[in-house]
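Positions are given from 1 along the sequence.
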Amino acid sequence: MSFLEINRLHKRYGAVEVLKDINISLEEGGFLVLVGPSGCGKSTLLSTIAGLETITEGEIRIAGRRVNELHPSKRDIAMVFQSYALYPTMTVAQNIAFGMESRGVPKPEREEAVARVSEMLQINHLLGRKPSQLSGGQRQRVAMGRALVRDPQVFLFDEPLSNLDAKLRVDMRTEIKRLHQRVGTTIVYVTHDQIEAMTLATRIAVLRDGVLQQVGTPAEIYNDPVNVFVADFMGSPAMNLVPARINGGADMPMITLGRDAEDALSLPASGCEWLKAHDGREVLFGIRPEALTDAEGADRTADHVVEGECTVDVVEPAGSDTFVVTRLGGREVIARMRSDAVVSVGQRMPFAFNMDKAVFFDPQSEQRLS
């Protein structure tokens with residue numbers, strides 16, 4: 001049975017519907033990340049779980065209990081906001097203990113909880129300091145500590161790392177992952193950063209304009225996107241999406257890709273025999289940069305790797321990888337090659353396409369073909 005259930009949820013402000021028929025379930029101890037561009041409704045959805053926003057239709061259940069009508073204080077949740085919202089005149093210890101003190105928790109219990117949480121977050125040496133004496137990462141740890149002492153059924157995080165610089169964001173991401181592994185509490189986490197989503201989540205929910213696009217594991221979202229939006233939004237660099245035509249052959253369908261000032265490139269659709277049913281159809285051919293590489297760097301465990309010659313437009317050395325840009329179907333296409341791959345601008349060379357990783361979409365509906 002799911003621990004957190006969101007069933008047919010709608011949220012309207014007057015005539016404006018900001019959440020449209022949302023259905024999500026999460027197991028106990030799961031880490032659900034709500035991801036999408038600004039304005040997609042992810043923070044509003046988090047606020048409805050917290051009880052900070054009422055819902056127009058639908059139901060939210062936590063541990064089997066309907067919480068629609070419950071005040072936030074009765075839902076047994078704890079929330080960490082984008083802003084740290086620490087009391088500037090209180091010490092770290094006082095900030096962490098404030099909620100417990102307000103609820104009348106005896107002092108010995110408060111001190112024990114503060115000691116336990118501060119050790120877990122490695123901030124026990126900061127307990128006597130004021131927020132103004134802390135770095136951004138330390139303040140975020142204090143905000144997390146204030147939530148942790150509650151020992152709630154569900155933690156809610158609303159873009160907690162967006163105010164941190166890039167390096168600190170990576171460090172804190174690791175701390176949150178470690179925290180989840182240690183305490184095992186159910187977490188719902190909002191971010192617009194798809195790298196955060198991929199690295200933290202056990203399940204990801206992708207939203208766009210208040211509509212749930214796909215829910216799945218990080219691997220499902222990344223490797224099997226249900227539509228063009230999910231394919232393009234998740235991944236850095238993004239998935240290559242190239243206009244193509246399917247030509248059904250007697251033995252195997254072929255994918256035809258246009259090339260600037262050159263004859264079209266035809267690739268055998270190895271492993272995609274089902275494409276015969278789409279003979280003559282225009283499609284979007286999707287392939288991740290790591291599934292498009294130099295011949296020597298191709299995945300040796302893949303069952304279907306095909307090669308096609310392309311002209312190199314741009315070479316971008318990136319340390320552990322070399323990103324190579326070519327043009328197919330009138331669009332820039334990025335290949336991820338080995339760091340020591342010998343590539344030069346203007347060179348015509350074989351690119352290896354891992355067809356095991358290829359996906360196809362309808363150009364009009366933008367939905368996945370299968």
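Scanning for salt bridge (charged side-chain N to carboxylate O under 4.0 Å, His left out) contacts around Arg327 gives Asp260, with sequence neighbours left out. The salt bridge (charged side-chain N to carboxylate O under 4.0 Å, His left out) test applied to Asp158 returns no partner, not counting sequence neighbours. Residues satisfying the side-chain hydrogen bond (donor to acceptor under 3.5 Å, both in side chains) criterion with Lys167, sequence neighbours excluded, are Asp171. In this view, Arg65 satisfies the salt bridge (charged side-chain N to carboxylate O under 4.0 Å, His left out) rule with no residue, not counting sequence neighbours.
Membership of the apolar cluster around Met90 extends to Tyr87, Phe98, as traced through chained side-chain contacts below 4.5 Å between ILVMFWY residues. Within the hydrophobic cluster formed by Ile, Leu, Val, Met, Phe, Trp and Tyr side chains joined at under 4.5 Å, directly or through other members, Met239 is accompanied by Val228, Leu241, Leu284, Val359, Phe361.
The aromatic rings of Trp274 and His278 lie perpendicular to each other, with more than 60° between the two planes, well past the 30° mark.
Under the salt bridge (Lys or Arg N to Asp or Glu O under 4.0 Å) criterion, the residue pairs touching residues 206-224 are Asp224-Arg368, with sequence neighbours excluded. Among residue pairs with one or both ends in residues 39-78, none qualify as ring pair (Phe, Tyr, Trp, His ring centres under 6.0 Å); sequence neighbours excluded. A ring pair (Phe, Tyr, Trp, His ring centres under 6.0 Å) check over residues 160-180, counting only residues at least two apart or in different chains, returns the pairs Phe31-His180. Applying the side chain to side chain donor-acceptor pair (under 3.5 Å) definition to pairs two or more places apart or across chains, those involving residues 183-207 are Glu159-His192, Arg173-Thr199, Tyr189-Glu196, Thr191-Glu196.
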Show the atom names and distances, to 0.1 Å, of all donor-acceptor pairs under 3.5 Å that link a side chain in residues 111-129 to residues at least two apart or in another chain.
unit_1: Ser118; atom_1: OG; unit_2: Val114; atom_2: O; d: 2.8
unit_1: Ser118; atom_1: OG; unit_2: Ala115; atom_2: O; d: 3.1

Please tabulate, one pair per line, all N/O donor-acceptor pairs under 3.5 Å involving side-chain atoms of residues 337-358, not counting sequence neighbours.
unit_1: Arg338; atom_1: NE; unit_2: Asp294; atom_2: OD2; d: 2.6
unit_1: Arg338; atom_1: NH1; unit_2: Asp340; atom_2: OD1; d: 3.3
unit_1: Arg338; atom_1: NH2; unit_2: Asp294; atom_2: OD2; d: 2.8
unit_1: Ser344; atom_1: OG; unit_2: Gln347; atom_2: OE1; d: 3.4
unit_1: Gln347; atom_1: OE1; unit_2: Ser344; atom_2: N; d: 2.9
unit_1: Arg348; atom_1: NE; unit_2: Glu309; atom_2: OE1; d: 2.9
unit_1: Arg348; atom_1: NH1; unit_2: Glu262; atom_2: OE1; d: 2.1
unit_1: Asn354; atom_1: OD1; unit_2: Asp356; atom_2: N; d: 3.1
unit_1: Asp356; atom_1: OD1; unit_2: His304; atom_2: N; d: 3.3
unit_1: Asp356; atom_1: OD1; unit_2: His304; atom_2: ND1; d: 2.9
unit_1: Asp356; atom_1: OD2; unit_2: Asp303; atom_2: N; d: 2.7

